[in-house]
Amino acid sequence: PTLCGKTEIREILTTCLHNDGLAHKQVVMNPKAITDSQMYGYKDPVSEEWTPGVFASIWQRYNNRALKYTTWIVCDGPVDAIWIENLNTVLDDNKILTLANNDRIPMTDNCKIVFEVENLRNASPA
């Protein structure tokens, strides 16, 4: 539920990890605030030029083994069947984001995805 302390708990946990010498960075976004194409990217039907989306850009930037910190990509907002469906390959054993332009970006050990949601009503069992 709203105002139950989810964000505060996440902040305290990352602060404690950081104080123990494990550097962490959080990147927070609300996937429900943007369209599917704004989140993952889209290919222009005329020029066929690919424009990466917000989540795809964040994913590509922080899934980098050279970074000396762990990044938590936090999806803060309600779960929507459309955007969560596109994360199936990230959330399964493959841990690879597959985009509409056929780019495949693997999840690295120093990147985590966190969902800060009120409920999971719209999430499928998959």
Side-chain angles (χ1 to χ4, degrees):
T2 304
L3 298 174
C4 70
K6 296 183 297 284
T7 301
E8 189 64 26
I9 290 168
R10 192 183 75 238
E11 295 289 336
I12 290 169
L13 178 58
T14 55
T15 299
C16 290
L17 289 167
H18 189 75
N19 290 344
D20 281 346
L22 304 169
H24 279 71
K25 179 177 185 148
Q26 295 183 59
V27 179
V28 182
M29 65 172 293
N30 181 348
K32 191 72 173 159
I34 56 178
T35 66
D36 191 44
S37 60
Q38 291 171 328
M39 182 154 170
Y40 297 107
Y42 65 94
K43 186 184 260 188
D44 185 283
V46 176
S47 68
E48 299 207 5
E49 182 179 334
W50 174 254
T51 302
V54 175
F55 183 84
S57 297
I58 291 170
W59 187 260
Q60 189 163 29
R61 179 176 179 184
Y62 292 105
N63 275 283
N64 180 348
R65 287 181 178 85
L67 297 176
K68 296 189 183 332
Y69 52 85
T70 298
T71 303
W72 288 9
I73 300 173
V74 181
C75 295
D76 185 0
V79 172
D80 180 84
I82 295 170
W83 70 259
I84 199 74
E85 185 70 26
N86 289 322
L87 287 179
N88 274 347
T89 58
V90 171
L91 301 176
D92 67 11
D93 292 338
N94 295 323
K95 296 184 180 179
I96 296 173
L97 178 64
T98 304
L99 300 172
N101 67 342
N102 293 322
D103 278 358
R104 295 170 51 86
I105 308 166
M107 184 179 201
T108 57
D109 292 337
N110 62 337
C111 189
K112 310 294 179 207
I113 186 164
V114 178
F115 299 96
E116 186 175 324
V117 299
E118 183 176 339
N119 62 59
L120 295 173
R121 270 185 232 137
N122 295 326
S124 71

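Atom set for the values below is all heavy atoms of this structure, side chains included, hydrogens, waters and symmetry mates excluded.
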Inset, instruction - Only counting residues at least two apart or in another chain, list the ones meeting side-chain contact (heavy atoms from CB on, under 4.5 Å) with N63. - result: W59, M107, T108, C111
Legend entry - N110 side chain to N64 backbone, donor-acceptor under 3.5 Å: yes
Inset, instruction - Decide side chain to side chain contact (heavy atoms under 4.5 Å, CB included) for I34 and Y40; before the verdict, give the C-alpha distance in whole Å, the side-chain angles of both, and the deciding distance to 0.1 Å. - result: CA-CA 10 Å; I34 56 178; Y40 297 107; over 6 Å; no
Legend entry - Partners meeting side-chain hydrogen bond (donor to acceptor under 3.5 Å, both in side chains) with T35 (sequence neighbours left out): S37, Q38
Inset, instruction - For A100, check side-chain contact (heavy atoms from CB on, under 4.5 Å) against everything at least two apart and list the hits. - result: W50
Inset, instruction - Each residue besides V46 in its hydrophobic cluster should be listed here, by chain and number; the cluster joins Ile, Leu, Val, Met, Phe, Trp and Tyr at side-chain heavy-atom distances under 4.5 Å. - result: none
Legend entry - Heavy-atom side-chain proximity of M39 to N86 below 4.5 angstrom: no
Inset, instruction - To the nearest 0.5 angstrom, please state how far the OG1 atom of T15 sits from the CD atom of E8. - result: 8.5 Å
Legend entry - Residues forming a side-chain contact (heavy atoms from CB on, under 4.5 Å) with T51, sequence neighbours excluded: Y42
Legend entry - Shortest non-hydrogen separation from N30 to P78 and the atoms involved: OD1-CD, 4.4 Å
Inset, instruction - Could you pull out all residues at least two apart from K32 that satisfy salt bridge (Lys or Arg N to Asp or Glu O under 4.0 Å)? - result: D80
Inset, instruction - Go through the structure and list residues passing ring-ring contact (aromatic ring centres under 6.0 Å, His included) with W83, not counting sequence neighbours. - result: none
Legend entry - Any side-chain heavy-atom pair of I73 and F55 under 4.5 Å: yes
Legend entry - Residues forming a side-chain hydrogen bond (donor to acceptor under 3.5 Å, both in side chains) with Q26, sequence neighbours excluded: R10, T14
Legend entry - Gap between atom CG of L17 and atom OH of Y69 - 0.5 Å precision: 16.0 Å
Inset, instruction - Tell me, please, which residues at least two apart from H24 pass ring-ring contact (aromatic ring centres under 6.0 Å, His included). - result: W72
Legend entry - Rounded distance (nearest 0.5 Å) linking atom CD1 of I113 with atom OH of Y62: 14.0 Å
Inset, instruction - Dump the intermediate steps for side chain to side chain contact (heavy atoms under 4.5 Å, CB included) on L22 and T70, then the final yes or no. - result: CA-CA 8 Å; L22 304 169; T70 298; over 6 Å; no
Inset, instruction - Tell me, please, which residues at least two apart from D76 pass side-chain hydrogen bond (donor to acceptor under 3.5 Å, both in side chains). - result: none
Inset, instruction - Would you sort out whether T7 and V74 count as a side chain to side chain contact (heavy atoms under 4.5 Å, CB included), showing the intermediate values? - result: CA-CA 10 Å; T7 301; V74 181; over 6 Å; no
Inset, instruction - With sequence neighbours left out, write down each residue that passes side-chain hydrogen bond (donor to acceptor under 3.5 Å, both in side chains) with D103, or none if nothing qualifies. - result: N101
Inset, instruction - Would you mind listing every salt bridge (charged side-chain N to carboxylate O under 4.0 Å, His left out) that reaches into residues 43-52, with sequence neighbours excluded? - result: none
Inset, instruction - Mind checking the NZ-OG1 spacing from K95 to T89? Nearest 0.5 Å is all I need. - result: 12.5 Å
